[in-house]
Amino acid sequence: MTTRVRFAPSPTGPLHIGGLRTALFNYLFAKKNNGVFILRVEDTDQHRYVEGSEEYIQKALEWCHLVPDEGPVSGGDFGPYRQSERKQIYQKHIELLVERGKAYYAFDSNEALDQARKDADGQGNTFRYGASNRMNFRNSLTLEAEETKNLLGKEPFVIRLKVEPNKEVVAQDDIRGTIRVESNNIDDKILMKSDGMPTYHFANVVDDHLMQISCVIRGEEWLPSLPLHQLIYDAFGWETPQFMHLPLILKPKGKGKLSKRDGEKEGFPVFPLQWGEGLVGFKERGFLPEALINYLALLGWNPGNDQELFSLEALENTIDLSGVQKGGARFDFEKAKWINHQYLQNSTEQQLLETEEGSKLLDHFDTETAVKIIALIKDRLYLLEDLKTETQLFYQEPDYAHGVWDKLLQKQPLKILGQLDHIIADGLDGNALKEACFAWSKENEIPFGVLMQSFRIAIVGKLAGPDLLTICEILGKSVTLKRIEKAKLSIINLNL
Ligand code: GLU
């Protein structure tokens with residue numbers, strides 16, 4: 001049997017990284033088993049539909065190299081892959097269930113249902129439309145057949161699943177084990193809504209069956225729906241697929257699921273790509289897709305050893321879903337950044353130069369110089385956005401912020417910079433420059449470190465940064481001398 005898995009997002013906004021992780025695990029499961037990875041768009045809820053989100057999902061999957069084998073864009077033999085285009089299929093299938101007595105029409109008004117809910121509340125009970133009370137309502141089980149037929153064209157109605165009472169519903173999840181629920185605790189769920197659209201539960205089961213899905217991999221939030229889905233499979237007499245519910249992605253601190261607000265509060269993205277004006281994604285923050293995928297794979301999966309870096313290809317061969325944990329996986333942005341750092345270190349200078357950020361920032365340097373700059377600062381990069389702060393010193397003169405010379409004023413900075421003028425005028429070869437500085441500092445009994453501090457501030461404007469002599473070599477003699485000149489002036493101005 002061919003392995004067929006699906007990622008089935010609802011286009012209700014941008015794709016959260018939890019959804020992206022679900023897509024990733026589906027993709028990996030398909031690849032590992034030489035199977036098929038399907039994208040199905042679950043867009044039957046008209047009220048929650050958000051324009052642009054389907055395109056966003058498609059783009060995000062492509063950016064992460066998780067391209068579906070079948071789907072609305074890729075096509076395939078089991079389409080259409082948008083549920084809104086499958087209305088007739090659901091219609092045919094719901095009629096089948098009604099004919100077999102597994103589902104029934106219900107004409108109850110909202111008022112009648114509200115009243116019933118209130119009455120149940122008043123008695124301290126939870127309202128549940130089901131075997132114990134369905135005969136008190138207005139539905140095709142209580143009305144004459146003729147009357148039902150008449151009402152169908154005239155009044156709004158829903159179609160409900162007829163849940164058999166006093167049964168144990170047994171469902172199997174490969175991560176959680178066996179799940180058992182009393183059928184008396186499951187209500188006669190609506191399968192078709194009054195707008196003629198199926199509910200998520202119905203469409204989901206029908207499509208998983210018709211698309212020959214062999215394994216359903218989705219987020220843990222759907223685990224409570226599993227017994228109901230089992231009942232729908234049983235009502236049709238269909239075999240259930242394998243199920244795996246992935247653990248939740250938790251907030252970095254405290255209880256609960258990672259949310260958009262956590263990201264906004266703490267300053268990290270929770271979406272792969274930018275959404276609208278305000279919500280910046282992992283891509284825009286300077287993540288490589290390979291790094292994000294690597295990090296997401298580790299959110300809830302453990303390879304069973306210390307290895308932390310996995311390319312997509314390595315994951316395809318390695319991932320074993322028995323390594324998926326039951327408990328929630330805590331989101332850790334610092335860890336995600338660390339993984340991105342590793343991927344940036346493994347990229348060549350040329351590759352980094354070709355990124356959107358690299359080419360934009362360094363386009364006025366010739367390639368050789370740009371490559372040298374990247375080589376010098378590469379190990380300081382955690383995000384591609386760091387390229388901006390790290391390369392700035394090459395195209396922007398330092399502004400000698402207030403107080404930057406304070407600690408050095410007693411250490412003869414003017415004398416040092418005056419001498420550096422001469423040394424640099426003789427040449428910028430790294431070794432010769434270093435030796436000349438060293439010899440002069442010894443002769444004048446000024447510690448080499450102190451000399452370098454004034455030198456660094458003159459060139460960079462602060463005490464930290466990459467190797468100074470290489471910076472000077474890249475800047476060239478005239479820019480270096482100009483900065484020293486400017487630094488001297490700034491010290492003189494301070495002394496006035
Ligand atoms: N449409 C559901 C969602 O967006 C899919 C759940 C499932 O995979 O069954 O989460």
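Only this structure's heavy atoms are used, side chains among them; waters, hydrogens and symmetry mates stay out. Order of appearance sets the numbers: ligands from 1, and atoms from 1 within every ligand.
Using modelled atom types and a 3.5 Å distance limit, the side chains of Tyr81 and Glu70 yield a donor-acceptor pair. Glu354 and Gln350 share a side-chain donor-acceptor pair at under 3.5 Å.
Considering each of Gln83, His16, Glu42, the one bringing a non-hydrogen atom nearest atom 1 (N) of ligand 1 is Glu42.
In this structure, the ring of Tyr200 has its center less than 6.0 angstrom from the ring center of Trp222.
Near Ser10, the atoms of ligand 1 lying under 4.0 angstrom from a non-hydrogen atom of the residue are 1 (N), 2 (C), 3 (C), 4 (O). Distances below 4.0 Å separate heavy atoms of Asn204 from the following atoms of ligand 1: 7 (C), 9 (O).
Checked for salt-bridge contact, Asp121 and Lys118 miss the test: no charged N lies under 4.0 Å from a carboxylate O. Residues Asp208 and Arg6 are paired through a salt bridge, judged by an N-O separation under 4.0 Å between the basic side chain and the carboxylate.
A heavy-atom separation below 4.0 Å is found between Tyr200 and ligand 1. Note on ligand 1: Glu221 sits outside its first shell, no heavy atom being nearer than 4.0 Å.
Of all protein heavy atoms, the one closest to atom 8 (O) of ligand 1 is Arg6 NH1, 2.7 Å. In terms of protein heavy-atom proximity, atom 10 (O) of ligand 1 is nearest to Trp222 NE1, 3.1 Å.
Close N/O approach between Ala8 and ligand 1 is found [any backbone or side-chain N/O within under 3.5 Å].
Judged by the 6.0 Å distance and 45° axis criteria, Arg160 is not positioned over the aromatic ring of Phe137.
Of all the heavy atoms of Pro9, the ones lying under 4.0 Å from any atom of ligand 1 belong exclusively to the backbone.
Ring pair Phe394/Phe365 is perpendicular by interplanar angle, where above 60° counts as perpendicular and below 30° as parallel.
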